[in-house]
**Student:** 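This is the structure I want to talk about, given as structure tokens.
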Amino acid sequence: MSKKLTFFFTTIGFLFLINGIAQTQADKKQIEVIILHTNDMHAKIDNLSKLAYLADSLRATHPHVYLVAAGDNFTGNPVVDMVDDKGYPMIDLMNRCKFDVSCIGNHEFDLGQDFLTKRINQAKFPFICCNLDATGTRLQQPLPYTVLYVDEKNTIALLGIIQLDANGLPSTHPSKMTGISFSNGIESAREFTWLKDRYGILIGLTHLGVEEDVRLADSMPQFDVIMGGHSHTLIEKPMFRNGVMIVQAGSNLKYIGKTTLLIEDQHVVQRTDEIIPVKMLTSSNKELDKLISKYNKNTEFSKVVGVATNPLDGEDELGSMMTDALIHELKVDMAFQNKGGIRVQSLPKGDITMKDLYKLDPFNNQVVIFRMNPAEIRSLICYGYQLEKEIDLQVSRITYRLTDNGKKQCKTVELLDNSGKLLDETKNYTVAMNNYMAVAYQFDHRDPGTSTSVTTIEALINYLKTVKTIDYSGVKRAILIP
Amino acid sequence: MKVRINRHAMEIFDGATVGDAILAHSQWSFRKMMEEKLIPYDRFGNVTEPGGAISEGQIIFLKKPKHHV
């Protein structure tokens with residue numbers, strides 16, 4: 001081969017080599033991905049206009065910005081939860097913020113399967129969950145995961161996981177989840193380790209609580225990041241466990257988490273997270289401000305939900321209505337309401353609006369159910385009596401007669417069923433009360449109790465909407481015998 | 001379920017929140033928490049908000065506030 005030819009081939013080879021190196025360097029270029037994460041927004045819509053502004057500002061300057069929610073978007077604000085089209089304002093606003101994905105949280109089920117399916121269909125982003133099977137139910141089966149296509153080469157898979165209580169169900173009323181089967185979150189997630197191989201980057205978008213997120217990280221180092229919810233934990237500095245970064249941003253949209261990933265050749269080479277307090281954000285999306293204001297001025301609160309044929313005066317009548325509502329909602333044997341939780345003195349004859357009911361019961365208390373025998377029920381009644389130095393607890397499905405020992409303490413308490421017979425001392429009864437009583441009252445109970453995730457106000461509204469007309473005139477179920 | 005607030009072990013209803021557990025622990029502590037004079041922290045040192053779910057075996061530490069974001 002001539003020297004000229006050798007020179008030619010050497011030069012061509014060199015050019016190919018240079019081109020190859022350049023190509024490899026181009027392939028290995030680093031890409032910055034920003035993921036804004038929220039969790040447990042609980043229908044707190046007021047700050048969504050600030051979130052929208054922040055997300056849009058970042059999108060204007062960064063090509064790869066995503067917005068995700070780690071569940072419990074609903075429940076916690078009557079303008080979202082108690083309107084006829086339950087949950088719609090939240091989905092409408094989340095669509096306008098351009099959310100990319102949400103995990104399903106336990107409180108998503110509070111809407112009921114029909115409303116949740118409607119909301120999922122309206123969402124312009126997927127709801128994901130890998131450990132529920134909705135086959136044969138009214139709920140639309142969610143996808144287990146979704147994929148963010150960063151560019152032609154880099155992809156991020158997000159896997160959704162929901163928490164389960166000791167009973168194997170998420171924390172909401174079991175009636176809301178009829179027919180849906182759930183499997184252990186961590187075990188289910190392990191069936192998706194292949195996502196890491198296929199998509200390069202794997203994020204857990206979980207509604208498990210931070211304790212379970214740590215166990216998940218211990219079990220699955222394939223996750224690059226776990227973005228969590230459920231425990232309302234403010235992780236100010238990201239936690240690292242088994243090589244996995246765990247983040248969470250408090251609750252009620254008081255904070256926004258901002259995770260920044262530096263990606264190179266389908267792998268994360270750097271991960272950081274910061275917490276942005278929403279109160280520090282001064283700009284908001286004006287269009288969303290107007291819409292939020294419209295939702296907050298919801299006229300449904302002035303709508304009539306029932307009619308009182310006579311005024312309801314005093315704690316006996318009001319408390320009887322409130323406890324009847326718990327019986328109606330939860331089908332328990334009896335229900336109690338403490339005096340301190342009855343916040344108005346009376347309701348006038350005539351129309352009762354939702355606003356009236358929120359004034360009567362403003363605490364958003366949840367209902368807890370205990371299995372109790374008559375001796376335990378007496379100890380509950382007596383604690384209330386000693387606390388208030390007078391009859392404290394109003395009741396439904398039973399009546400009681402209390403005698404005082406002269407020291408503002410119980411001497412005797414007779415518990416009578418609706419036919420006037422004494423309760424069976426050997427029997428256990430299901431007893432409903434609000435969560436305040438469940439923890440602040442000191443009474444004997446072998447059963448530690450179970451939250452129903454139903455609120456007392458929700459029960460009250462549903463009761464009045466069902467019975468439509470009420471008359472509690474002269475009702476007195478708790479009697480102090482002098 | 002069994003949980004702990006500082007050194008105090010207690011049994012509380014399933015589905016309880018951090019706030020429920022602190023109220024069960026002591027009404028004084030609950031008031032101080034609502035006034036933000038005591039803050040609940042988890043075992044990793046993160047702030048846990050009162051509405052957050054508490055789980056079996058969890059420990060909550062009630063402490064005076066550190067500087068937060």
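Naming: A, B, ... by sequence-line order, numbering from 1 per chain.
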**Student:** Just so I know, are the side chains of B/Asn46 and A/Lys237 near enough to count as touching, which here means a heavy-atom distance under 4.5 Å?
**Tutor:** no
**Student:** Mind listing the closest non-hydrogen atom pair of B/Gln27 and A/Ala440 along with its distance?
**Tutor:** NE2-CB, 3.7 Å
**Student:** B/Phe13 and A/Thr450: which non-hydrogen atoms are nearest, and at how many Å?
**Tutor:**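 In terms of heavy atoms, the two residues are closest at CB-N, 3.9 Å.
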**Student:** Is B/Ser55 in contact with chain A via its backbone, its side chain, both, or neither, using a 4.5 Å heavy-atom distance?
**Tutor:** side chain
**Student:** With heavy-atom distances below 4.5 Å as the criterion, would you say the side chains of A/Glu236 and B/Val47 are in contact?
**Tutor:** yes
**Student:** To the nearest 0.5 Å, tell me how far A/Gln248 CD sits from B/Thr48 OG1.
**Tutor:** 8.5 Å
**Student:** CD1 of B/Ile59 to CD of A/Glu211: how many Å apart, nearest 0.5 Å?
**Tutor:**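 Between atom CD1 of B/Ile59 and atom CD of A/Glu211 there are 8.0 Å.
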**Student:** For A/Pro448, is there any backbone N or O sitting under 3.5 Å from a side-chain donor or acceptor partner on B/Glu11?
**Tutor:**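 No; judged by distance alone, with no hydrogens or angles, the pair does not exist.
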**Student:** Need one label for B/Glu56: side chain, backbone, both or neither, based on atoms under 4.5 Å from any heavy atom in chain A.
**Tutor:** neither
**Student:** If you tally heavy-atom pairs under 4.5 Å against chain B, which of A/Ala438, A/Ser251, A/Ser453 wins?
**Tutor:**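 The answer is A/Ser251.
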**Student:** So what's closer than 4.5 Å to chain A heavy atoms on B/Asp20: side chain, backbone, both or neither?
**Tutor:** both
**Student:** Supply the atom-to-atom distance A/His232 NE2 to B/Ile54 CD1, rounded to the nearest 0.5 angstrom.
**Tutor:**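 It is 12.5 Å, given to the nearest 0.5 Å.
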**Student:** Under a 4.5 Å cut-off applied to non-hydrogen side-chain atoms, are A/Asn167 and B/Asp14 in contact?
**Tutor:** no
**Student:** Once you round to the nearest 0.5 Å, how far does CZ of B/Phe44 lie from CZ of A/Arg241?
**Tutor:**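 One gets 6.0 Å once the value is rounded to the nearest 0.5 Å.
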